[in-house]
Amino acid sequence: MAEVKSDIEIARAARKKPIQEIGERLGIPPEHLLPYGHDKAKISAEFIAGARGNGDGKLILVTAINPTPAGEGKTTTTVGLGDGLNRIGKKTAVCIREASLGPCFGMKGGAAGGGYAQVVPMEDMNLHFTGDFHAITSAHNLLSALIDNHIYWGNAENIDTRRVAWRRVMDMNDRALRQIVVSLGGVANGFPRETGFDITVASEVMAILCLATDLHDLEKRLGDIIIGYRRDKSPVFARDIKADGAMAVLLKDALQPNLVQTLENNPAFVHGGPFANIAHGCNSVMATTTALKLADYVVTEAGFGADLGAEKFFDIKCRKAGLKPSAAVIVATIRALKMNGGVKKEELGAEDVEAVTKGCANLGRHIENVKQFGVPAIVAINHFHTDTEAEIAAVKAYVAAEGEEAVLCRHWAEGSAGIEELARKVVALAEGGTSQFAPLYREDMPLFEKIDTIVKRIYRGSEAIADKSVRAQLKQWEDQGYGNLPVCMAKTQYSFSTDPNLRGAPTGHVVPVREVRLSAGAGFIVAICGEIMTMPGLPRTPSAEKIFLNEQGYIEGLF
């Protein structure tokens with residue numbers, strides 16, 4: 001058997017083209033590409049504005065079953081499908097998110113695809129890239145500093161220091177910073193108060209950057225951020241302390257989408273990066289809408305399983321940006337289905353058709369959920385060399401019984417050649433015109449009813465429950481004019497329930513909502529469910545322990 005190269009070895013051997021050539025494929029003149037080295041560039045705001053009169057291509061969403069330690073390969077399939085569509089003659093661009101440093105040095109590792117279906121430069125993308133996350137972190141913490149400074153110098157807006165809602169952020173997993181006290185040390189340092197840190201990808205500024213349509217919209221949304229409340233409980237906005245202008249200055253370049261390439265030299269937009277378990281889990285609207293104006297097909301992904309990423313893609317991103325997806329691909333692996341069927345990770349190598357069939361209940365639930373939004377779906381079986389013919393046949397039979405089709409994809413090992421069949425079937429779905437996309441709930445539905453609708457229809461729980469104080473807070477926001485906002489569920493990605501160990505397709509569980517946060521600038525309400533944390537911690541053995549520079553100066557262990 002031939003030696004299997006690692007993802008990073010494959011990425012380093014890539015024959016990248018100058019980024020100007022990649023831009024040319026989409027009709028972007030060199031003068032409208034702002035290069036960061038030879039292989040990545042930002043696209044100018046002027047060019048984006050000029051392309052708005054173009055017609056739209058077809059939008060394909062790639063989503064997945066619930067993630068397991070066995071791996072699903074959603075980004076790998078997104079990249080592979082983009083290459084596959086280009087291979088069969090469809091002018092296609094890929095749109096994915098940027099990677100957070102937290103997971104890179106924590107447990108998950110990088111996020112640029114894998115095998116022969118990757119976006120490059122992989123190492124840059126998984127580290128500082130074009131500095132977008134640093135700009136978001138700086139803009140967020142500038143507002144934090146301005147709030148405490150405003151209070152220190154007399155508090156003209158009468159902010160109740162007990163009700164400051166704006167926390168701080170950093171792009172790293174650090175549980176020690178979840179709850180802290182600031183301004184200790186006496187009169188010169190201000191008024192002590194309790195606050196905390198979230199990870200940058202949970203920042204409302206990240207969500208705003210990813211949902212803004214242009215620089216003017218960005219600045220307006222930043223001004224709409226509610227930083228806290230007065231003693232009469234009236235909201236104080238970022239524009240009230242004159243923070244919105246300076247924040248927009250820090251984000252001016254970060255708002256422009258990043259263009260890179262796949263291993264097969266096809267265009268890829270990599271921009272924005274909210275997590276789907278604690279934020280809305282989609283790449284930027286700017287990148288997606290720009291790509292749709294320049295390509296016949298745009299393949300994008302939404303984070304984690306379809307219960308989180310796809311639901312938020314449909315109910316938040318598509319609703320807010322007016323997007324109409326033509327088809328959805330649901331990624332599954334035999335290994336992950338076995339884990340959902342009760343097999344331990346160390347035993348996944350042995351054939352177990354019964355466990356695969358049992359685990360397919362999770363896949364079936366996601367198929368049903370995607371179809372609830374009126375979007376036609378197809379299943380991609382991301383192939384591993386340990387998969388057996390009987391296991392693959394079991395998945396295909398199960399999916400066929402659900403009225404859909406499952407296609408075996410070998411893009412990890414073979415690149416675009418291994419995913420041609422899926423590409424052709426996706427084109428048939430998209431061109432068939434059967435998509436009748438509609439969000440899950442109406443905008444005028446009460447906020448708690450929206451939460452309960454997601455719990456019952458997507459998670460198949462019996463109900464959402466919340467303390468009286470949470471319900472009262474939602475009612476107050478409705479009275480203040482925020483009742484028409486969608487909800488963004490912060491919940492474990494590993495299960496339809498709030499118990500990360502409850503795999504498969506559970507029903508009848510209760511989903512407790514322990515806290516709600518208003519992201520007025522982003523335009524949604526965050527409902528924090530169960531034990532989910534907006535600042536993750538590092539695992540017992542973080543990936544950082546295995547990342548280093550070798551004697552040749554190359555990075556080892558990043559992916």
Side-chain angles (χ1 to χ4, degrees), residues 140 163-167 169 196 198 201-212 220-229 233-238 274-282 285 302-303 307-321 439-459 461 463-492 498 511-530 532-534:
H140 182 115
R163 293 191 174 95
V164 175
W166 194 251
R167 291 156 60 86
V169 297
D198 296 326
V201 287
S203 166
E204 185 178 351
V205 177
M206 172 69 83
I208 286 171
L209 182 111
C210 288
L211 292 168
K220 181 197 174 296
R221 287 172 178 271
L222 292 170
D224 287 342
I225 291 171
I226 292 176
I227 60 173
Y229 297 86
K233 296 187 180 178
S234 61
V236 184
F237 298 93
F275 284 173
N277 58 348
I278 52 180
H280 75 282
C282 305
V285 166
D307 57 318
L308 288 172
E311 186 273 315
K312 293 169 184 179
F313 175 81
F314 293 139
D315 278 328
I316 298 175
K317 182 175 178 176
C318 290
R319 186 198 300 265
K320 292 287 183 183
L440 190 70
Y441 50 78
R442 303 185 321 274
E443 286 189 352
D444 61 359
M445 193 181 278
L447 291 173
F448 193 79
E449 200 174 319
K450 291 173 184 172
I451 295 169
D452 201 51
T453 298
I454 293 170
V455 167
K456 289 175 177 173
R457 291 184 59 185
I458 300 296
Y459 307 157
E463 63 176 337
I465 59 170
D467 288 346
K468 186 178 178 182
S469 60
V470 169
R471 291 174 181 262
Q473 180 65 83
L474 292 172
K475 180 67 170 66
Q476 184 183 354
W477 288 334
E478 288 169 352
D479 293 342
Q480 291 172 347
Y482 295 107
N484 65 334
L485 297 183
V487 293
C488 179
M489 305 292 280
K491 183 188 75 70
T492 178
T498 53
V511 175
V513 179
R514 78 165 197 268
E515 182 187 346
V516 285
R517 298 179 185 177
L518 171 56
S519 295
F524 54 68
I525 306 287
V526 180
I528 299 176
C529 305
I532 194 73
M533 296 289 181
T534 50

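Position 1 is the first residue of the sequence; numbering continues from there. Everything quoted here is computed from the prediction, not taken from an experiment.
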Taking [Y]'s backbone N and O only, do any of them form a donor-acceptor pair with [X]'s side chain (distance below 3.5 Å, no angle check)?
X    : Y    : answer
H140 : W166 : no
K312 : C488 : no
N277 : I532 : no
R163 : G228 : no
R221 : L209 : no
K450 : G483 : yes

Side chains of [X] and [Y], heavy atoms from C-beta outward: is any pair under 4.5 Å?
X    : Y    : result
I226 : Y482 : yes
R319 : E443 : yes
L440 : F314 : no
D452 : E463 : yes
Y459 : T498 : no
D198 : R517 : yes
E204 : V526 : no

- Message: For a side chain to side chain contact (heavy atoms under 4.5 Å, CB included) check, start with the C-alpha distance between F524 and L211, then their side-chain angles and the critical distance, and finish with the verdict.
- Response: CA-CA 11 Å; F524 54 68; L211 292 168; 4.0 Å; yes
[X] [atom1] to [Y] [atom2] distance, which is reported to the nearest 0.5 Å:
X    : Y    : atom1 : atom2 : answer
R514 : S469 : CZ    : OG    : 12.5 Å
Q480 : K233 : CD    : NZ    : 10.5 Å
I465 : C529 : CD1   : SG    : 10.5 Å
T453 : D315 : OG1   : CG    : 9.5 Å
L518 : W477 : CG    : CH2   : 5.0 Å

Looking only at non-hydrogen atoms, find the nearest pair between [X] and [Y] and report the distance.
X    : Y    : answer
G481 : N484 : O-OD1, 3.8 Å
G303 : A276 : O-CB, 3.4 Å
A527 : I451 : CB-CD1, 3.9 Å
V285 : A212 : CB-O, 4.2 Å
C282 : A302 : SG-CB, 4.4 Å
G521 : I208 : C-CG1, 3.6 Å

- Query: Does the pair D307/K491 count as a salt bridge with the N-to-O cut at 4.0 Å?
  - Reply: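 Result for this pair is yes, salt bridge flagged.
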- Residue of the set D479, V487, V516 for which side chain to side chain contact (heavy atoms under 4.5 Å, CB included) holds with L474: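 The residue from D479, V487, V516 that satisfies side chain to side chain contact (heavy atoms under 4.5 Å, CB included) with L474 turns out to be V516.
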- Query: Only one of E311, K317, H280, K320 forms a side chain to side chain contact (heavy atoms under 4.5 Å, CB included) with P486, so which one is it?
  - Reply: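 Only match with P486 under side chain to side chain contact (heavy atoms under 4.5 Å, CB included): K320.
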- Message: Could you work out, with side chain to side chain contact (heavy atoms under 4.5 Å, CB included) as the rule, every residue matching E478, not counting sequence neighbours?
- Response: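 Result, side chain to side chain contact (heavy atoms under 4.5 Å, CB included) vs E478: P446, L447, K475.
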